[in-house]
Novice: 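Take a look at this one; I'll ask things after.
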Amino acid sequence: MTAPAPYNNHSLVGEALRLLAAGLGPYVSGKMQEAVDAGRYAPDDSEALGEIAGDISVTLRVMAMAWNDVFRDALGPAERSLVSEIRETRNRWAHQDTFDDDDLDRALDSIGRLLAAVGAINEAKRIDGAKHRLRLRRYGTASSRAAAPDDAAPDPQAEPDPAAEMQPMDPPGEAELPPAADLDDRPADAIAAPDSAREHLIQEYIHKGVEYRRNEHFGHAMGEFEQAIRIDPDRADTWFHRGMTWGLMGDHGRAIADFNRAIAISPLYAEAYNCRGYAHFCRGDYRLAVDDLERADRLNPGDELIQGNLQQARMRFLQQPGNPDPTRYGAGPAP
């Protein structure tokens, strides 16, 4: 069997734009026709209406030009900004510009939000699945992937593929997410069990949680990690895994809180610094991201994931106003 060609970020942006055309085109065509029929809008080029569903460039251009007459009452300022942003993304894609992982994450997030706003739920879910796989690739590390059972896990060296034909993910509803661990509600029999039995039980919960997380069943993963925390709240790895799960769900604030707990318990936990740094990066706190990722790099030198995250965090920090010292943040020779 022929192996699939490796994806690249530019091709993933193109696939996302294809899905956007499929989901957005019918909505725009319908709204335009309604406006024409009601006499509220007369398009400059009536032939363009027939091209909307198949050409994302035309679709976005028409939306921008006819916004006040056709779309303003149905969509808000946030969606108008998304249209402008995605037009720029499409132009960059058409000119073969390079997209780094952060550019790709932003493009997927914006396209997914616009699709959701116009009710194109199936396409939005597929975009969301690709976005979460990208975040899994950036959060995940070799040792954290290896925590799943050998007989149930995929190749621990294989990176999650954000392409994966942009298949829909199965996001949990709020009802699936367990409440934060109540440490007074720990199972008494597990707490009183011998150390070896407790360790075995905790490892089982962690293994199941990691496997659920790999398959993007985040609610179920949370439940497993919560059980492990209830049994022993003083283990760094359980807080780390719950933090990773929060991060993959997009709740970087709660992720940081859990990584804080993991680091307080285990101050030399390189992966926790890496993931906390990436969570800060996602929140736009680039200096905090650089500090954490530099610490992770010192603790685990040579890790390609850490070094890649650190490079992007330094670049974003240096782009901020305030003239940070380029030598201190990796743009010049080390002091």
Novice: Would a distance-only check, ignoring hydrogens and angles, find a side-chain to backbone donor-acceptor pair under 3.5 Å from Asn215 to His217?
Specialist: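 No; zero donor-acceptor contacts below 3.5 Å.
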Novice: Would you confirm whether Tyr273, through its side chain, and Asp297, through its main-chain N or O, come within 3.5 Å as a donor-acceptor pair?
Specialist: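 Side chain of Tyr273 to backbone of Asp297, a donor-acceptor pair under 3.5 Å: no, none is there.
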Novice: Do Arg261 and Trp239 meet the cation-pi criteria used here (NZ or CZ under 6.0 Å from the six-membered ring centre, within 45° of the axis)?
Specialist: yes
Novice: Can Arg92 be said to sit on top of Phe99's aromatic six-ring, NZ or CZ under 6.0 Å from centre and within 45° of the ring axis?
Specialist: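 Checked: cation-pi criterion met.
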Novice: Taking the six-membered ring for Trp and the single ring otherwise, decide whether the centroids of Phe240 and Tyr269 are under 6.0 Å apart.
Specialist: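 Phe240 vs Tyr269: aromatic centres under 6.0 Å.
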Novice: Examine His252 together with Trp246 and report whether their ring centres are nearer than 6.0 Å.
Specialist: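 Judged by ring-centre distance (under 6.0 Å), His252 and Trp246 do not meet the cut-off.
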Novice: Measure the CZ-OH distance between Phe218 and Tyr212 for me, rounded to the nearest 0.5 Å.
Specialist: 14.0 Å
Novice: Quick check: are there more than 12 heavy atoms from other residues, nucleotides or ligands sitting under 6.0 Å from CD of Glu204?
Specialist: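 For Glu204, atom CD is crowded (more than 12 foreign heavy atoms under 6.0 Å).
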Novice: Residues in side chain to side chain donor-acceptor pair (under 3.5 Å) with Arg106, at least two apart?
Specialist: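 Expected list: Glu85.
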Novice: Would you mind telling me which of Asp292, Asp291, Asp285 makes a salt bridge (Lys or Arg N to Asp or Glu O under 4.0 Å) with Arg276?
Specialist: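 Exactly one candidate clears the test, Asp292.
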Novice: Could you check whether Gln307 and Gln311, counting side-chain N and O atoms only, form a donor-acceptor pair closer than 3.5 Å?
Specialist: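 Short answer, no.
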Novice: Going by side chain to side chain contact (heavy atoms under 4.5 Å, CB included), Ile206 matches just one of Arg235, Glu224, Arg242. Which one?
Specialist: Arg235
Novice: Quick one: are Val290 and Leu293 in side-chain contact, heavy atoms under 4.5 Å?
Specialist: no
Novice: Donor-acceptor pair, distance only, cut-off 3.5 Å: does the side chain of Ser110 make one with the backbone of Ala107?
Specialist: no
Novice: Can a side-chain donor-acceptor contact be found between His241 and Arg213 if the only test is distance below 3.5 angstrom?
Specialist: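 Yes, side-chain donor-acceptor contact under 3.5 Å.
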